2 protein chains.
Amino acid sequence: MTSTLGYAILAVLARGERTGYDIAAAMRRPVSYFWTARHSQIHAELQKLAAGGLVAFDARHGPGPQDKKVYRLTPEGGDALRAWVTEPPRERPERDELVLKTYASWLADPGLVRRLFAEQLRVHEERLAEYEREEELFGGPPDPGDPRFGNYATLRCGLGYERHRAEWCRWMVTQLSASL
Amino acid sequence: MTSTLGYAILAVLARGERTGYDIAAAMRRPVSYFWTARHSQIHAELQKLAAGGLVAFDARHGPGPQDKKVYRLTPEGGDALRAWVTEPPRERPERDELVLKTYASWLADPGLVRRLFAEQLRVHEERLAEYEREEELFGGPPDPGDPRFGNYATLRCGLGYERHRAEWCRWMVTQLSASL
DNA sequence: CCACACTATGTCACTTCTGACATAGTGTGG
DNA sequence: CCACACTATGTCAGAAGTGACATAGTGTGG
């Protein structure tokens with residue numbers, strides 16, 4: 001019934017009440033690195049969730065032509081989120097533009113391909129450093145019943161992902177250097 | 001102009017001529033693990049690519065109500081593909097349902113969450129074993145100018161990804177076991 | 001005091017992707 | 001000889017996601 005975006009929003013609201021704007025900001029750099037949405041999508045989804053009784057809001061005076069709406073989880077929303085969490089995820093199709101480019105890379109100039117991967121390597125190394133700084137702010141893993149466990153566990157995933165990705169880019173650069 | 005799916009199709013056709021059905025089959029388990037599309041999307045995209053002159057086809061007698069169409073890259077299609085390969089990829093938003101569930105996992109029953117990750121771990125370990133078998137079929141990395149380099153490099157990426165993912169799932173299971 | 005960034009909500013046209021429906025020949029195994 | 005899987009192309013409704021447009025108050029720095 002509810003889309004995955006809906007659950008992403010519920011997961012954010014489980015941490016505390018937020019405006020649509022706050023939720024969009026939390027998702028801009030993905031909610032701890034794994035789900036993004038524009039505010040246009042979030043406002044629309046919040047209306048659906050409110051219609052379904054999974055979230056409720058108080059209107060308060062705020063800037064702009066409309067009042068601001070502070071959303072919170074309803075008990076039904078909490079139940080729906082809890083039930084969804086332990087259900088197996090649908091196998092989301094992986095779509096990765098860089099890997100697709102790699103698949104076709106034999107056609108292109110090796111020097112240009114090498115530059116592409118060197119640039120990507122830089123991006124992943126930067127992100128890795130950033131995540132490592134953030135990891136230090138946690139003094140080891142929180143308890144699995146603590147909301148902070150969600151943040152820490154997703155950060156661990158991001159950390160592993162960036163490491164894998166950086167290593168692969170480094171390997172690509174090596175391969176392409178050998179052939180020049 | 002052309003969508004990423006269009007380039008995915010061009011990348012497949014760069015290996016040789018194919019019918020729409022062949023392309024869909026190649027993408028069902030993603031084109032070497034990174035891009036998927038249904039046949040309904042592929043047929044529609046092939047029509048656009050043909051209209052744009054990036055691919056051409058010969059109709060041959062085949063099963064079904066229509067003739068079968070064997071598509072091939074045109075010189076323009078090859079140029080477009082080659083140019084696209086070395087352009088930086090747009091930062092595709094990451095959307096990962098399992099990581100989203102992790103973010104909300106502190107709300108749910110730790111035993112059920114543990115089961116979810118144990119199951120995911122099994123999936124990744126199986127896939128890893130499969131990829132490792134495939135890697136053995138290559139006797140080391142092909143030359144970067146060889147079409148097989150594309151296959152090998154994407155396989156390497158898949159291998160690294162599955163390893164990272166399995167390791168993370170294992171860590172999650174450990175965390176959730178400690179708290180039971 | 002003015003410009004600008006930030007807070008805040010919303011609509012709309014458009015693209016992309018999914019899942020179901022529709023149709024039909026060919027080859028294989030029981 | 002029949003059922004079934006595979007080859008093969010296509011349409012269509014609807015969901016999901018993007019980017020631009022529209023509007024306006026509040027606080028900060030030069």
Side-chain angles (χ1 to χ4, degrees), chain A residues 1-9 12 17-31 34-52 55 57-71 89-97 100, chain B residues 1-9 12 17-31 34-52 55 57-71 89-97 100:
Chain A
M1 187 75 232
T2 307
S3 69
T4 306
L5 172 62
Y7 290 110
I9 291 172
V12 173
E17 45 175 53
R18 302 271 192 282
T19 64
Y21 183 86
D22 292 334
I23 297 170
M27 289 195 184
R28 233 195 126 186
R29 51 151 66 186
V31 184
F34 58 88
W35 205 273
T36 53
R38 315 275 172 209
H39 79 269
S40 57
Q41 225 187 325
I42 289 167
H43 286 303
E45 190 66 34
L46 279 168
Q47 285 169 23
K48 282 186 215 166
L49 291 171
V55 302
F57 63 88
D58 289 317
R60 291 179 203 169
H61 175 72
Q66 289 89 18
D67 280 348
K68 81 171 176 180
K69 297 176 180 174
V70 181
Y71 287 91
R90 5 172 211 163
E91 196 62 54
R92 272 259 159 189
E94 275 210 60
R95 290 202 176 86
D96 188 322
E97 207 170 290
L100 179 56
Chain B
M1 186 73 231
T2 306
S3 68
T4 306
L5 172 62
Y7 290 110
I9 291 172
V12 174
E17 44 175 55
R18 301 271 193 283
T19 64
Y21 183 87
D22 293 334
I23 297 170
M27 289 196 184
R28 235 199 124 181
R29 49 148 70 183
V31 184
F34 57 89
W35 206 273
T36 54
R38 316 274 173 210
H39 79 270
S40 57
Q41 225 187 325
I42 289 167
H43 286 302
E45 190 67 34
L46 278 169
Q47 284 169 25
K48 282 187 214 164
L49 291 171
V55 301
F57 63 87
D58 289 315
R60 290 179 204 169
H61 176 71
Q66 289 90 16
D67 280 348
K68 82 172 178 178
K69 297 176 180 173
V70 180
Y71 287 91
R90 1 171 215 167
E91 197 62 55
R92 272 258 159 190
E94 276 211 59
R95 290 198 177 89
D96 188 322
E97 207 170 292
L100 180 56

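Atoms considered below: every heavy atom in the structure, side chains included; atoms not considered: hydrogens, waters and symmetry mates. Residue numbering restarts at 1 for every chain, and letters A, B, ... go by the order of the sequence lines. All figures in this text were calculated on a predicted structure; none of them were measured in a lab.
- Side chains of T19(A) and K69(A) form no contact here, defined as non-hydrogen atoms less than 4.5 Å apart.
- Rounded to an integer number of Å, the gap from CG of D67(A) to P of dA8(C) is 12 Å.
- Taking 4.5 Å as the limit, some side-chain heavy atom of T2(A) sits within range of a side-chain heavy atom of Y7(A).
- Taking atom CG of residue L46(B) and atom C1' of nucleotide dA8(D), one finds them 13 Å apart after rounding to whole Å.
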Exercise. With pairs defined as Watson-Crick or G-U wobble and both distances under 3.5 angstrom, please note down DNA chain C as a dot-bracket string, | for pairing with another strand.
Key: ||||||||||||||||||||||||||||||
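- G6(B) and L49(B) get closest at one heavy-atom pair: O-CD1, 3.9 Å.
- Nearest heavy-atom pair across Y21(B) and H43(B) is N-CE1, 4.4 Å.
- Under 3.5 Å, the side chains of R90(A) and T4(A) contain a donor-acceptor pair of N or O atoms.
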Quiz item: Which nucleotides of nucleotides 13-20 of chain D have their base under 4.0 Å from a protein heavy atom (B), which only their sugar-phosphate (S), and which neither (-), written as one string 5' to 3'?
Solution: ---SSBBB
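- Atom CD of Q66(A) and atom C1' of dT26(D) are 16 Å apart (whole Å).
- A donor-acceptor distance shorter than 3.5 angstrom exists from the side chain of R95(B) to the backbone of T36(A), with no hydrogens or angles considered.
- Per the geometry, CE belonging to M27(B) stands 16 Å off C1' belonging to dT18(C), to the nearest Å.
- Salt-bridge annotation for E17(B) and K68(B): absent, with no side-chain N of the basic residue lying under 4.0 Å from a carboxylate O of the acidic one.
- Across the protein-nucleic acid pair, D22(B) atom CG and dT9(D) atom C1' stand 13 Å apart, rounded to whole Å.
- Residue K69(A) has a polar side-chain atom (N or O) positioned under 4.0 Å from OP1 or OP2 of dG10(C).
- Taking a cutoff of 4.0 Å between a charged side-chain nitrogen and a carboxylate oxygen, E45(B) and R38(B) do not qualify as a salt bridge.
- Between the OH atom of Y21(B) and the P atom of dC6(D) there is a distance of 7 Å, given to the nearest Å.
- Summarising the geometry, the separation between NE2 on H43(B) and C1' on dG10(D) is reported as 7 Å, rounded to the nearest angstrom.
- In this structure, E17(A) atom CD and dA8(C) atom C1' are separated by 16 Å, rounded to whole Å.
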Exercise. Step by step, work out the side chain to side chain contact (heavy atoms under 4.5 Å, CB included) result for W35(A) and L5(A).
Key: CA-CA 8 Å; W35(A) 205 273; L5(A) 172 62; 4.1 Å; yes
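- In this structure, of dA8(D), dG10(C), dC6(C), it is dA8(D) that holds the atom nearest to the side chain of T19(B).
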